[in-house]
Amino acid sequence: MALVEIHDLHKSFGSNHVLRGIDFAVEEGEVVCVIGPSGSGKSTLLRCVNLLEVPEKGKVLVSGEDITDPDCHLDAARARIGMVFQQFNLFPHLSVLANCTVAQTTVLRRNASAAGEIARANLDRVGLNDKVNAYPMQLSGGQQQRVAIARALSMDPALMLFDEPTSALDPELVGDVLTVMRKLALDGMTMLVVTHEMAFAREVADRVVFMDGGVIVEQGPPAEVIGNPQQERTRTFLRRVL
Ligand code: ADP
Ligand code: MG
């Protein structure tokens, strides 16, 4: 059984038919990078995987459970999915440590000391054990994004979603975040990553999915999709970004 299965997914905003029948699956331990032009529906697809957007047609199964089913316990399903956004979305009034414990104590009902221990371990994992008492404002964008990753990891997710996690960063800060993500992939985390970092996709992805116009145009190992694309639309896109 795949960790995520998507069947014939459709999503519109008004008359804008954004996702036009998406079928794909992510296996446990797999790293899938989603690439494609701006406006092709990549973020909408990711947001449908944890039901931040509700699709009007199709199914999303997470660990075999249909999260589009109204009877599904959505909070429980969502707690298993970590999401990291382009804008880090940290709580500005909370310390780094508190950013990483608040959902653990409120959603998972962990006690404060257990949550603190888990948060510290994950902050250590992203190289920020010296920043536990800092506030987001005092950190660089790259550090804030690594806190956002530690916060998501502290929920013990089965799946991590990344939506252009390095797009808002100054170029010199991108590397540290990609290094953390690379390590996570090597640790066996299941990851679905929307990115424009082609070198990262080439090196880390097990599979690359190219989207355009709300459909998957082409997918396969990075050496094929990025190295030797079969579709003209993929070639046109890659010519522009490489
Ligand atoms: P990508 O991430 O590939 O750039 P998006 O999924 O963000 O693409 O957007 C795909 C299309 O859906 C765009 O035309 C965008 O304007 C539209 N869209 C995305 N989110 C919303 C929303 N919340 N309300 C209305 N339109 C939206
Ligand atoms: Mg997007």
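Under the 4.5 Å side-chain heavy-atom criterion for Ile, Leu, Val, Met, Phe, Trp and Tyr, L161 and I216 are members of the same hydrophobic cluster. In terms of hydrophobic clustering, with Ile, Leu, Val, Met, Phe, Trp and Tyr side chains grouped at heavy-atom distances under 4.5 Å, L192 and F200 are assigned to different clusters. The hydrophobic cluster containing V193 does not contain V209, counting ILVMFWY residues as joined when their side-chain heavy atoms lie under 4.5 angstrom apart, directly or transitively. The hydrophobic clustering, which links ILVMFWY residues whose side-chain heavy atoms are closer than 4.5 Å, places L52 and M211 together. A single hydrophobic cluster is not seen to contain both L153 and L46; linkage of ILVMFWY side chains at heavy-atom distances under 4.5 Å, directly or through other members, places them apart.
Within a 6.0 Å radius of CD in E56, more than 12 heavy atoms belonging to other residues, nucleotides or ligands are found. Around NE2 of H196, the count of heavy atoms belonging to other residues, nucleotides or ligands within 6.0 Å exceeds 12. Under a cut-off of 6.0 angstrom, the local environment of CD in Q231 is crowded, with over 12 non-hydrogen atoms contributed by other residues, nucleotides or ligands.
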Give the C-alpha distance, both sets of side-chain angles, the deciding distance and a yes or no for side chain to side chain contact (heavy atoms under 4.5 Å, CB included) between Q143 and F88.
CA-CA 10 Å; Q143 290 171 330; F88 333 117; over 6 Å; no
Applying side chain to side chain donor-acceptor pair (under 3.5 Å), run through T234 and E218 and close with a yes or a no.
CA-CA 7 Å; T234 318; E218 179 163 5; 2.7 Å; yes
Please test F162 against V34 for side chain to side chain contact (heavy atoms under 4.5 Å, CB included), starting from the C-alpha separation and ending with a verdict.
CA-CA 10 Å; F162 292 88; V34 180; over 6 Å; no
Do N99 and V102 pass the side chain to side chain contact (heavy atoms under 4.5 Å, CB included) test, and can you show the C-alpha distance, the side-chain angles, and the key distance before you say yes or no?
CA-CA 6 Å; N99 264 280; V102 62; 5.9 Å; no
Under the side chain to side chain contact (heavy atoms under 4.5 Å, CB included) rule, what do V147 and L128 come out as? Steps first, then yes or no, please.
CA-CA 8 Å; V147 173; L128 291 175; 3.7 Å; yes
Given side chain to side chain donor-acceptor pair (under 3.5 Å), test T166 with Q145 step by step and report yes or no.
CA-CA 8 Å; T166 60; Q145 192 59 301; over 6 Å; no
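Here the closest non-hydrogen pair linking H17 and R20 is O-NE, 3.0 Å. Scanning all heavy atoms of the two residues, the minimum distance from A150 to L123 falls at CB-CD2, 3.7 Å. Taking every heavy atom of both residues into account, V225 and G220 meet most closely at CG2-N, 3.2 Å. Across all non-hydrogen atoms, the minimal contact from V26 to A2 is O-CB, 3.6 Å. Counting all heavy atoms, side chain and backbone alike, G29 lies closest to D206 at O-OD2, 3.9 Å. Listed here is the closest heavy atom pair of L238 and P229: CD1-CG, 3.8 Å.
The main-chain N or O of T195 is never found under 3.5 Å from a side-chain atom of E164 such that the two would form a donor-acceptor pair. Between the side chain of K183 and the backbone N or O of R125, at least one donor-acceptor pair lies under 3.5 Å. Not one N or O on the side chain of E27 forms a donor-acceptor pair closer than 3.5 Å with the backbone of A25. Between the side chain of N50 and the backbone N or O of I81 there is no donor-acceptor pair closer than 3.5 Å. Side-chain atoms of R146 come within 3.5 Å of backbone N or O of V126 as a donor-acceptor pair. A donor-acceptor pair is defined here as one N or O able to donate and one able to accept, closer than 3.5 Å; no such pair exists between the side chain of D170 and the backbone of E172. Here the side chain of D187 pairs no donor or acceptor atom with the backbone of M189 at under 3.5 angstrom. When atom types are taken as modelled, the side chain of K131 and the backbone of V96 share no donor-acceptor pair closer than 3.5 angstrom. Of the possible polar contacts, one joining the N122 side chain to the I118 backbone as a donor-acceptor pair under 3.5 Å is found. The backbone N or O of T190 lies less than 3.5 Å from no partner atom in the side chain of E30, so there is not a single donor-acceptor pair.
Annotation: side chain of N129 is not in contact with side chain of R120 (no heavy-atom distance under 4.5 Å). Contact check for C48 versus L9: side-chain heavy atoms found under the 4.5 Å cut-off. Contact check for L51 versus T68: side-chain heavy atoms found under the 4.5 Å cut-off. Within the 4.5 Å cutoff, no side-chain heavy atoms of D163 are placed close to those of K42. Taking the side chain as every heavy atom from C-beta outward, R240 and P37 approach each other to under 4.5 Å. Using a 4.5 Å heavy-atom threshold, the side chains of N111 and S113 count as touching. Looking at M83 and R47, their side chains come closer than 4.5 Å, going by heavy atoms from C-beta outward. The shortest distance between side-chain heavy atoms of D66 and D71 does not fall below 4.5 Å.
D8 and H10 are linked by a side-chain donor-acceptor pair at a separation below 3.5 angstrom, with hydrogens and angles left out of the test.
Between R80 and E65, at least one side-chain nitrogen of the basic residue sits less than 4.0 Å from a carboxylate oxygen of the acidic one, meeting the salt-bridge criterion. Checked for salt-bridge contact, E232 and R239 meet the test: a charged N lies under 4.0 Å from a carboxylate O.
Considering V177, V31, V204 as possible partners of R182, the one that fulfils the side chain to side chain contact (heavy atoms under 4.5 Å, CB included) test is V204.
How far CG of L242 is from CZ of R235: 13.5 Å, rounded to the nearest 0.5 Å. Interatomic distance, D176 CG to S140 OG, rounded to the nearest 0.5 Å: 7.5 Å. From N89, atom CG reaches atom CD of Q144 across 10.5 Å, with rounding to the nearest 0.5 Å. Expressed to the nearest 0.5 Å, how far CD of Q87 lies from OG of S167 amounts to 9.5 Å. Note that SG of C33 is 14.5 Å distant from CZ of F210, once rounded to the nearest 0.5 Å. Taking CZ from F24 and CD1 from I6, the interatomic distance works out to 4.5 Å, rounded to the nearest 0.5 Å.
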